[in-house]
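Right, one structure below, let's go through it.
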There are 2 protein chains.
Amino acid sequence: MDERVPRDFETLRATILERRQSLPKRIAQIAAYALDNPDDIAFGTAASIAASAGVQPSTLIRFAQQLGFDGFTSLQLVFRERLRERNSSYDERLAALRAKAEEGAGHRAIFDGFVAAASTSLNDISGRLNEEHFEDAIALLAKAETIYVLAKRRSYPVASYIAYALGKLKIRNQLIESAAGLNAEMISFASPRDAVIAISFSPYAPAAIEEARVIFEQGVPIVAITDSSFSPLAQFAKVWFEVAEADFAGFRSLSATMALAMALTVAVGEKRRDAGRKRKA
Amino acid sequence: MDERVPRDFETLRATILERRQSLPKRIAQIAAYALDNPDDIAFGTAASIAASAGVQPSTLIRFAQQLGFDGFTSLQLVFRERLRERNSSYDERLAALRAKAEEGAGHRAIFDGFVAAASTSLNDISGRLNEEHFEDAIALLAKAETIYVLAKRRSYPVASYIAYALGKLKIRNQLIESAAGLNAEMISFASPRDAVIAISFSPYAPAAIEEARVIFEQGVPIVAITDSSFSPLAQFAKVWFEVAEADFAGFRSLSATMALAMALTVAVGEKRRDAGRKRKA
DNA sequence: AGCAATATGAAATAATAATTCCAATCCATA
DNA sequence: TATGGATTGGAATTATTATTTCATATTGCT
């Protein structure tokens, strides 16, 4: 292996693109495959990759050698490293920032930490969202007469934004607040023709759980946003989402929850519009 | 391999945690290593992993078999699949989903849009934050007797989270809500020894601006979070932050504002703790 | 068209890695 | 403390996988 072998994925990618024109047909074929399916290169065997790309294993090795590697194995390392880095970068960065903040590295570190926590959470949820559950939740909420929004304490900001958005979309909704102490009455109005969005994270506010239970027993369908399958909310919910928010300095990010909440809200609005249009036609 | 072999990482993880107590010493050792270093399991060879974990390769295979796999290789597949799923890179996924959305695929695109908007906003603010203003704001808020939090409508969720966090940090604060119609009285209590965090974005809620004006005239210092230098809030503020939130489907992300708000809050808490310590010493 | 250089396919071989096996050790129990 | 069963270590074996080799095909050039 000479000294200018690309050892990181981006350099490798650039090198391949640059030489693309001058590569022989089969080598070009495997090159294109490599850039299109980097994960397969990272995990596959020379034989399996070659088969998927429609070439011989030997071609794959020649490709690696043309790039300056001494074989497929060394080339594969670059693709594996890429996966490793991608995955760890956020978490590691967050860990570093936490450590920095703890040793009193100034206020900028705190800010960076919250930004990183939010990014991590978003990154995480965008991979995890269960699309089927999402569609179910939208369908369920779209046909509700009134959407009740239930959340306490830490989750309350999310609930208030949902309520705001529902209002803007002209969807009848009711935020279940504790302030006036009239929650019980408010809840008693909910019927099976309505629906509830309930949000609660560990440590679960007992009031939220209790209210969810009552609503559940009234037969009102519940969509829950919570943080684990062991959440007491999950047992009452028709559909539930697990959202893992990263935390920093003891405060959990709300960014992923917010994104999910907004997406739900807007999607419900859209579905209702579509339904309305159909009914007219 | 029998039918109840965990085939996704989360199930596998749960299974391991559940059986942890009943595992023999060396098996437990490799089990702990696996959960702590999942990437190594995904990429390594039986020999290299065993060496890192301080056990024999055969133990690693026994571990896999105890879990119901027929060997290390099948176990490793689960760890690889995890990386694949987690990793299908953010951009790639986004591009794919955008394409899907264009051919009329449904609601996933909405979710994706909100995640993208939040990410963009975070990305943007992390470059823009004026560190000097940030320090000024912290200093100003740290010496306040009571921190008033003022926000309406769209910004209200942020205010409620600030209030929640300030409460947890045992910092006296007052959320200026409109519900009871007692805002005017509440505001009249604010003195120059207090401070205000005011949040408002275009279109600025007239009530928020009006209240900010009154407070300003009472000589109470204001820290504003808003979206442009032309914001009517800016003229009343001692320190103000410009936060550019990306929007999607007509709803602005709150992620950057939230991150800034949390950072401010926690930094204020920290500064107070430091000041308290010094005073004692 | 004919020749040389290059590229490709397929099978043989070499290397590497997973798995098995068996002896040694540990641990609980009588 | 003796005994049986479970657990572990380490080498032997087997399997898998990368690489090399060589015959064949293709391409570019005069």
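Lettering of chains follows the sequences in order, A, B, ..., and the numbering in each one begins at 1.
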Take the protein atom [atom1] of [X] and the nucleotide atom [atom2] of [N], then report the distance between them rounded to whole Å.
| X | N | atom1 | atom2 | value |
| --- | --- | --- | --- | --- |
| B:F72 | D:dT17 | CZ | P | 13 Å |
| A:F43 | D:dT17 | CZ | C1' | 17 Å |
| A:Q65 | D:dT20 | CD | P | 6 Å |
| A:I61 | D:dT17 | CD1 | P | 13 Å |
| B:I30 | D:dG9 | CD1 | P | 11 Å |
| A:I41 | D:dA18 | CD1 | P | 11 Å |
| B:Q76 | D:dT17 | CD | P | 11 Å |

Side-chain donor/acceptor contact of B:T59 with base of D:dG9 under 3.5 Å: no
Side-chain N,O (B:Q56) to OP1/OP2 (D:dT7) below 4.0 Å: no
Contact nearer the 5' end of DNA chain C, comparing A:K25 with B:G44: A:K25
Presence of salt bridge, A:D227 and A:R252, under 4.0 angstrom: yes
[Y] versus [X], side-chain donor and acceptor atoms under 3.5 Å:
| X | Y | result |
| --- | --- | --- |
| A:Q29 | A:R26 | yes |
| B:T11 | B:D8 | yes |
| B:H107 | A:E135 | yes |
| A:T226 | A:E242 | no |

Residue pair B:G71 / B:A64: nearest heavy atoms and the distance that separates them: O-CB, 3.5 Å
Minimum-distance nucleotide (side-chain atoms of A:T73 versus D:dT21, D:dT19, D:dG10): D:dT19
5' precedence on DNA chain D between B:R62 and A:T45 (nearest-nucleotide basis): B:R62
Chain B footprint on DNA chain C, 5' to 3' - any atom under 4.0 Å from a heavy atom: C:dA17 to C:dC21
Sugar-phosphate only, base, or nothing, as touched by B:L60 at under 4.0 Å among non-hydrogen atoms: nothing
Ring centre gap for B:Y164 and A:Y156 strictly below 6.0 Å: no
